[in-house]
Amino acid sequence: MSETEPQHRYNAVLAGQIERRWQDRWQESGAFHAPNPAGPWAEPDKVGRRKKIMIQDMFPYPSGAGLHVGHPLGYIATDVFARYQRAAGRNVLYTLGYDAFGLPAEQYAVQTGQHPRKTTEENMGNMRRQLRQLGLSHDDRRSIVTIDPNYYRWTQWIFLQIYNAWYDPSAGRARPIGELVSAFESGAVPTPDGRAWADLSDEERRAAVDGHRLAYKSQSPVNWAPGLGTVVANEEVTAEGRTERGNFPVFKRNLPQWMMRITAYADRLIDDLDRLDWPESIKLQQRNWIGRSSGAAVRFAVDGSDHSIEVFTTRPDTIFGATFMVLAPEHPLVDAIVPSAWPEGTQGAWTEGAADPQAAVAAYRLATSRRSDLDRQTDGKVKTGVFTGAYAVNPVSGERVPVFIADYVLMGYGTGAVMSVPAEDPRDWAFAKAYDLPYRRTVQPGPDHDEDSAFTGTGPMINSSNERISLDGKDVGDAKADVIALLEADGTGRGTITYRLRDWLFSRQRYWGEPFPIVYDEDGVAHALPDSMLPVKLPEVADYSPKTYEPEDADSQPESPLSRASEWVEVELDLGDGPKKYRRETNTMPNWAGSCWYELRYLDPANEDVLVDPAVEEYWMGPGQGDGEGVVADPGGVDLYVGGSEHAVLHLLYARFWHKVLHDLGHVSSDEPFRRLFNQGMVQAFAFRDSRGYPVPAAEVEEHLDGERTTYTWQGKPVTREYGKMGKSLKNVVTPDQMCDEYGADTFRVYEMSMGPLDQSRPWETRAVVGAQRFLQRLWRNVVDEETGAARVVDDEPDSATNRLLHKTIDGVSRDYENLHFNTAVAKLIELNNAVTKLDAPPRAVMGPLVQMAAPLAPHIAEELWSALGHSQTMTDEPFPVADPQLLVDDTVTCVVQVMGKVRDRLQVPPGISAADLEVLARESEKALAAIGDGQIRKVIVRAPKLVNIVAS
RNA sequence: GCCCCCGUAGCCCAAUCGGCAGAGGCAGGCGACUUAAAAUCGCUCAAGUGCGGGUUCGAGUCCCGUCGGGGGCACCA
């Protein structure tokens with residue numbers, strides 16, 4: 001620092017001192033503790049009659065790399081909002097915990113050779129430090145951590161709730177498993193093989209019940225990633241068939257794994273999106289992921305066999321155009337229908353050169369199994385397949401159609417079989433062309449349609465009649481209904497709905513996760529542990545690293561690290577029938593588990609008896625509370641949830657599912673966890689590469705204006721600029737720590753909020769941060785004398801223009817805060833502050849409200865200035881200024897007079913002027929008359945008091 | 001290939017219902033302070049809204065087409 005700088009200038013050093021002081025005071029006084037109406041923290045007097053609001057950021061993962069300036073964007077935004085809401089009189093629940101189990105934490109620990117708990121806790125400590133210096137107004141008592149046994153005890157408890165529940169489709173909700181037994185007894189729910197409940201053995205009964213649990217163990221095809229050493233959920237596999245984390249190849253393997261019956265909730269998860277205030281893009285992604293489509297299931301009898309093939313189609317109307325069928329190569333019926341020799345009329349291309357159908361099928365299956373999912377998908381349009389030698393009978397037309405297998409039909413969707421209608425389906429068309437199969441149009445294409453392709457549009461039905469039905473001339477919708485009615489009458493099909501959503505694979509072969517509260521007896525039967533045995537603590541083990549394999553080693557076996565902890569695995573327990581030996585479940589839960597319900601624990605983190613006190617949940621998240629007041633069909637939930645859009649179908653879908661189960665079982669009143677979701681944009685950054693393509697430190701690059709062009713150099717040598725994410729490898733990381741050191745946290749906060757709309761991505765530009773600092777310096781100088789440190793404000797009433805500007809600013813800034821338009825709020829505050837700067841002396845009556853308005857954005861300097869203005873208390877609970885509506889209108893307004901839409905004159909008129917008076921004035925305008933010239937006035941549009949447009953010719 | 005979002009001064013961004021294109025910031029220019037520089041302060045310059053049509057008295061705003069950028073989905077029957 002220069003010696004000539006005034007002693008009381010608001011610079012980084014002074015800002016730092018102020019910030020630390022206020023952070024300590026806030027913490028010591030518990031300024032941001034939100035009172036609860038009930039439960040262990042009940043403070044009903046403090047809750048009072050205030051309206052509540054719950055504001056929340058997405059659960060952060062404490063990364064080893066620390067934060068860069070992009071990470072706190074959302075946290076600062078929610079903090080500004082929370083501080084504004086407190087000033088506006090609401091009871092604000094705002095906190096931040098840590099999602100600390102899971103793969104990244106474990107991988108970081110393995111890399112550094114340390115225990116995951118140690119690295120995770122260090123990383124959390126570092127992140128807490130980084131965030132504390134930003135002055136976030138979190139209720140620090142509520143900062144829960146998923147790895148805390150007191151927390152994961154409840155994660156395990158919720159697992160047991162889900163395990164001990166079944167979905168009753170007739171009631172449309174989950175019910176306790178005990179009620180399933182009654183339903184079996186009464187026959188309301190049929191047993192697996194239809195026998196009476198009383199006739200089943202104990203074992204059969206247990207299997208029947210287990211078959212309905214919402215958390216169940218199944219032996220089914222799962223995504224095994226040898227390179228990662230664990231199985232992963234469908235949602236964690238990319239379109240290229242690789243793991244989202246680590247980008248390892250994934251193989252479908254039949255393995256015994258825990259699943260969550262999320263598919264039972266498919267309809268509610270789609271339908272309830274309509275009740276949520278979420279970005280449309282996220283809703284769309286969830287709808288796409290769940291992938292509900294309605295159509296028909298149709299049975300085609302296999303010619304000369306007792307078997308029939310069920311297909312799913314969304315276009316039952318086109319059934320007369322089904323000229324062949326295709327099964328997935330893995331379809332279980334294939335072996336049963338393949339004849340020993342090629343039938344009469346088999347075309348050469350259909351056989352792929354095989355001597356008989358069995359050889360052809362075997363060869364094709366082998367070829368398919370060798371292709372990875374990646375190949376199957378990137379080869380895209382090229383259709384391959386082979387004739388099975390079997391024919392099926394179209395149930396409507398009676399036509400015999402050949403049955404193929406082909407890998408463009410997926411076993412995992414619908415029934416794994418399709419009726420192929422080349423004329424109306426591009427995929428079937430491509431296959432028909434490749435194998436010389438016929439097509440028959442059943443929808444009349446438009447005149448512009450290219451005859452050499454499928455027609456997927458709408459039009460009248462054609463070629464679709466027999467002695468029992470005629471669809472010809474009908475539109476597609478009616479035709480669908482008619483066909484379904486016919487199929488249902490015949491018993492050959494029915495209207496049905498299928499989903500793309502699969503059940504959620506819930507177990508991982510990992511150490512760093514929540515253990516399952518499940519043990520197996522000597523017969524291998526799973527038993528749930530009673531609540532009294534929770535938490536099942538994660539044991540200390542010598543080797544916590546996962547067993548990984550060559551990424552392509554598809555035949556390898558997953559191995560849980562916990563299975564090596566034999567002292568922990570082998571236990572003797574009394575589960576009600578005396579002490580017995582059991583083996584613990586050695587898989588752990590995925591890291592999504594802890595984040596599926598954390599918002600609920602924020603509400604009542606000290607409660608030892610229940611996961612959340614019902615009255616507390618009802619108050620903070622219940623339907624009709626807070627922003628849900630007066631909203632039709634309000635589902636309840638967090639009032640504002642801010643985070644990135646990358647969790648569109650993972651966390652946000654899983655959390656909704658768990659919440660709905662808890663709702664059905666009566667544990668929460670809200671139907672959804674997050675009423676309103678807001679996706680903040682990304683802070684991106686420029687990166688620079690030298691002539692060899694290596695990144696150079698972005699902070700050291702110099703910019704040159706070279707005539708029209710801008711060029712960049714590093715150490716005198718030219719470099720090229722690119723735009724993207726901030727990251728170590730691109731050498732363009734800027735950290736909040738640096739910003740706090742160089743400018744102070746308040747400057748950093750104001751800059752981040754002023755960069756642009758919150759939902760937009762924007763480029764980081766360190767040199768522009770000074771603009772925010774200049775604003776705060778000017779604000780400071782309008783209250784404090786830089787030389788003496790004394791207050792400068794005067795008690796004179798502000799002049800009328802300043803006063804009007806103040807009230808307009810109050811009005812505008814309040815609305816901007818309410819709508820998360822922080823960038824425009826900053827601009828309005830700067831404008832008012834600049835206006836005060838131009839006055840001879842800053843009036844207290846303006847600076848007081850201005851400081852209050854700036855407080856959500858720059859809370860530390862605001863508190864300091866608030867003190868300087870003579871207040872002894874923190875301003876946290878000080879009511880936000882209210883605009884006087886009378887001061888929002890000006891004495892006179894400028895009315896523009898247009899002629900043919902072009903501005904020709906400006907008039908000063910009273911704001912309340914009538915349209916008729918204004919028109920008279922405008923018609924008298926000399927400038928307007930001059931513009932009209934010889935023309936005739938045809939029409940005059942008057943928008944009093946701002947505009948008159950004279951239409952002349 | 002399909003769907004969604006965004007294109008406004010050199011840059012980041014404003015602009016209720018369609019009604020004077022500019023609120024704010026950065027950079028640039030000029031000036032003040034300074035022995036000088038930085039910091040600070042004051043003043044100032046700057047686009048007709050990617051492009052082409054249309055609707056309208058009037059379009060940044062609505063509609064159609066097109067180009068560019070970003071995101072999502074992608075054999076889902």
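Just so we're clear, the structure is a prediction, and the values are computed from it rather than from any experiment. Here is how names work: the chains are called A, B, and so on, in the same order as the sequence lines, proteins then strands, and each is numbered from 1.
- Side-chain N/O atoms of Ser293(A) include one lying less than 4.0 angstrom from OP1 or OP2 on rA77(B).
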What nitrogen or oxygen pairs link the protein and nucleotides 2-13 of chain B at under 3.5 Å?
unit_1, atom_1, unit_2, atom_2, d
rC12(B), O2', Met755(A), O, 2.8

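- Summarising the local packing, CD of Gln936(A) is surrounded by 12 or fewer heavy atoms from other residues, nucleotides or ligands at distances under 6.0 Å.
- Contact annotation for Lys283(A): no contact, since no heavy-atom pair falls under 4.0 Å across all strands.
- Side-chain atoms of Leu806(A) and Met853(A), non-hydrogen and from C-beta on, do get closer than 4.5 Å to each other.
- Base pairing annotation: rG42(B) forms a Watson-Crick or G-U wobble pair with rC30(B), both donor-acceptor distances under 3.5 Å.
- The existence of a salt bridge linking Arg494(A) and Glu310(A) is confirmed by a sub-4.0 Å separation between a basic side-chain nitrogen and an acidic carboxylate oxygen.
- Residue-level contact check: Asp428(A) touches neither bases nor backbone, having no heavy atom under 4.0 Å from any strand.
- Under the Watson-Crick and G-U wobble criteria, each requiring two contacts below 3.5 Å, nucleotide rU8(B) is left unpaired.
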Heavy-atom contacts, protein to nucleotides 57-64 of chain B, under 4.0 Å, summarised as B (base), S (sugar-phosphate only) or - (none) per nt, yield BS------

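- For the pair Arg287(A) CZ and rA74(B) C1', the interatomic distance rounds to 19 Å; values are reported in whole Å.
- Checked against a 6.0 Å centroid threshold, the rings of Phe324(A) and Phe431(A) count as neighbours.
- In the region residues 775-788 of chain A, proximity to RNA chain B at under 4.0 angstrom, judged on heavy atoms, holds for Gln777(A), Arg778(A), Arg781(A).
- Nearer the 5' end of RNA chain B, as judged by each residue's closest nucleotide, is the contact made by Asn834(A), out of Asn834(A) and Thr498(A).
- Under the 3.5 Å distance criterion, with hydrogens and angles disregarded, no donor-acceptor pair is assigned to the side chains of Asp425(A) and Ser420(A).
- Between the side chains of Glu831(A) and Thr809(A), no donor-acceptor pair is found at a separation under 3.5 Å.
- Side chains of Asn782(A) and Val846(A) form no contact here, defined as non-hydrogen atoms less than 4.5 Å apart.
- Taking the side chain of Thr824(A) as heavy atoms from C-beta on, and the options rG24(B), rA14(B), rC43(B), the nearest nucleotide is rA14(B).
- Comparing the P positions of rA23(B) and rA15(B) gives a spacing of 13 Å, expressed to the nearest Å.
- Taking atom C1' on both nucleotides, rG60(B) is separated from rC51(B) by 14 Å, rounded to a whole Å.
- Separating the P atom of rG70(B) from that of rA32(B) is a span of 47 Å, rounded to the nearest Å.
- Of the nucleotides present, rG72(B) is the one that pairs with rC2(B) by Watson-Crick or G-U wobble criteria, both distances under 3.5 Å.
- Closest heavy-atom contact between Asp452(A) and Lys433(A): OD1-NZ, 4.2 Å.
- Applying the Watson-Crick and G-U wobble criteria (two distances, each under 3.5 Å), rU55(B) pairs with nothing in any strand.
- With its glycosidic angle within 90° of 0, rG48(B) is assigned syn.
- Summarising the base pairing, rC17(B) is matched to no nucleotide, lacking a Watson-Crick or G-U wobble pair whose two defining distances lie under 3.5 Å.
- Residue Lys383(A) places a side-chain atom within donor-acceptor reach of the base of rC75(B), judged by atom type and a 3.5 Å distance cut-off alone.
- If you take atom C1' in rA14(B) and the same atom in rC26(B), they sit 15 Å apart, rounded to whole Å.
- Among the atoms of the strands shown, only primed sugar atoms or phosphate atoms (P, OP1, OP2) are found under 4.0 Å from some heavy atom of Ala768(A).
- At a threshold of 4.0 angstrom between heavy atoms, the contacts of Val770(A) are confined to the sugar-phosphate backbone, with no base atom among them.
- Taking atom P in both rG1(B) and rG58(B), one finds a spacing of 38 Å when rounded to whole Å.
- The shortest distance between the side-chain N/O atoms of Arg774(A) and the OP1/OP2 oxygens of rU40(B) is below 4.0 Å.
- A distance of about 16 Å separates the P atoms of rC63(B) and rC3(B), rounded to the whole Å.
- Residues Trp764(A) and Tyr751(A) bring their aromatic ring centres within 6.0 Å.
- The separation between Asn288(A) atom CG and rG71(B) atom P is 18 Å, rounded to whole Å.
- Looking only at distances, no side-chain donor or acceptor of Asp905(A) sits under 3.5 Å from a matching main-chain atom of Ala922(A).
- Counting heavy atoms from C-beta outward, Glu235(A) and Leu501(A) have side chains that approach closer than 4.5 Å.
- Counting heavy atoms from C-beta outward, Leu918(A) and Arg943(A) have side chains that stay 4.5 Å or more apart.
- A 6.0 Å sphere centred on NZ of Lys927(A) holds no more than 12 heavy atoms belonging to other residues, nucleotides or ligands.
- Under the 4.5 Å side-chain criterion, counting only non-hydrogen atoms from C-beta, Arg749(A) is not in contact with Leu776(A).
- Only the C1' atoms considered, rA21(B) is 11 Å distant from rA9(B), to the nearest whole Å.
- Residue Thr415(A) is out of contact with every strand shown, counting any heavy-atom pair closer than 4.0 Å.
- Atom P of rG54(B) sits at a distance of 32 Å from the matching atom of rA46(B), rounded to the whole Å.
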